[in-house]
Amino acid sequence: MPDIATYVLNDGSTLPAVGFGTYPLTGEDGTAAIVRALEAGYRLLDTAVNYENEAEVGEAIRRSGLPRDQVLVASKIPGRHHAYDDAIASVRASLERLGIDRTDLHLIHWPNPGQGKYVEAWRALVQLQKDGLVRSIGVSNFTEEHLTRIIDDTGVTPAVNQIELHPRFPQVQMREVHDRLGIRTEAWSPMGKRRAPLEETAVISAAETHGVSPGQVILRWHVELGSLPIPKSADPRRQVENLDVFGFELTDDEMSAISALAEDDGRLFGGDPDSHEEM
Ligand SMILES: NC(=O)c1ccc[n+]([C@@H]2O[C@H](COP(=O)([O-])OP(=O)(O)OC[C@H]3O[C@@H](n4cnc5c(N)ncnc54)[C@H](OP(=O)(O)O)[C@@H]3O)[C@@H](O)[C@H]2O)c1
């Protein structure tokens, strides 16, 4: 079993430095892929109401035979559940589908600023944490402005902000904001999806030097930035390799060459943030 580093969050709890993304793993094949991920050693599973696979995640944990307290489950409140009572009900319904009595991390999936109710959803998460229904609370796809608003309103800083982050989009500005506020950066689409730089010289030459795959180089780049990537893979071989990133270190030059693949223009998303409202 790989030795996985951990991060201590601002609420004192810990998360493994690499988690497992479960979108779009659904149905029996999805459950089987998540069981394989647990067998490979992943101990943090990232799901969401909108992935429609919370039942599969819960089933995979039970099928793995692992004690519940050894697997951390993160889920997310969707945009349509931001009103206070809806957010409380949303988390309760997620717990029901997962078949567990507490999530280890619960996030607001998107701020949906046009709707303007993310502060209500945050107040609900603060209450749910007090009530013991969620361990750590955080957000996803929040800008500095959104973060400031919820912190000013409640006095509670999110433990995590899960944002799009990969070598094409290294999020220098948001990572600085997170460092200043004491928020852990979690990375979605950590490989970069269609823009994954798996064939770029900077990545391939580091892979050859360290005797690892291009995917492992990208995930190691995350770890050295202090980002917590949640790669998704349905492939057993890639699942294993994506977790095996703690046995080598990239040099400063290798890190810089990979960061130089950025096509970042300072925005939070690859596209227009306001077009990223979700339901
Ligand atoms: N908060 C949000 O708004 C948000 C948005 C998007 C995603 N997410 C979360 O983030 C997770 C990961 O994001 P993602 O799935 O978009 O992107 P990703 O994990 O960066 O990329 C997944 C893709 O890369 C392939 N892949 C995985 N490991 C590889 C490797 N070592 N070498 C080559 N290819 C590899 C996978 O194919 P195979 O399966 O064939 O290996 C899959 O097609 C999601 O599952 C979800 O949990 C959150």
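One-based numbering, in listed order, for ligands and for the atoms of each. Heads up: numbering here begins at 1 and tracks the sequence. Being a predicted model, the structure only gives us computed values, none of them experimental.
Applying the side chain to side chain contact (heavy atoms under 4.5 Å, CB included) test between Val91 and each of Asp131, Val134, Ile137, Val49 identifies Val134 as the sole match.
Side-chain contact of His178 with Gln171: a donor-acceptor pair under 3.5 Å is absent, judged by distance alone. Under the 3.5 Å distance criterion, with hydrogens and angles disregarded, no donor-acceptor pair is assigned to the side chains of Thr26 and Asn53.
The contact set between ligand 1 and Pro231, taken as ligand atoms under 4.0 Å from a residue heavy atom, comprises 19 (O). Within ligand 1, the atoms closer than 4.0 Å to a non-hydrogen atom of Gln162 are 1 (N), 2 (C), 4 (C), 48 (C), numbered from 1 in the order shown. Listed by atom number, the atoms of ligand 1 under 4.0 Å from Trp110 heavy atoms are 3 (O).
Close N/O approach between Glu241 and ligand 1 is found [any backbone or side-chain N/O within under 3.5 Å]. By the 3.5 Å distance cut-off applied to N or O atoms, Gly215 is not counted among the residues near ligand 1. The shortest N/O to N/O separation between Ser140 and ligand 1 falls below 3.5 Å.
When hydrogens are left out, the protein atom nearest atom 19 (O) of ligand 1 is Lys232 N, 2.9 Å; that is the closest non-hydrogen contact.
In this structure, Tyr23 and Tyr51 have tilted ring planes: the angle between them lies in the 30° to 60° band.
Panel note: side chain Lys76, backbone Thr47; a donor-acceptor pair is recorded below 3.5 Å.
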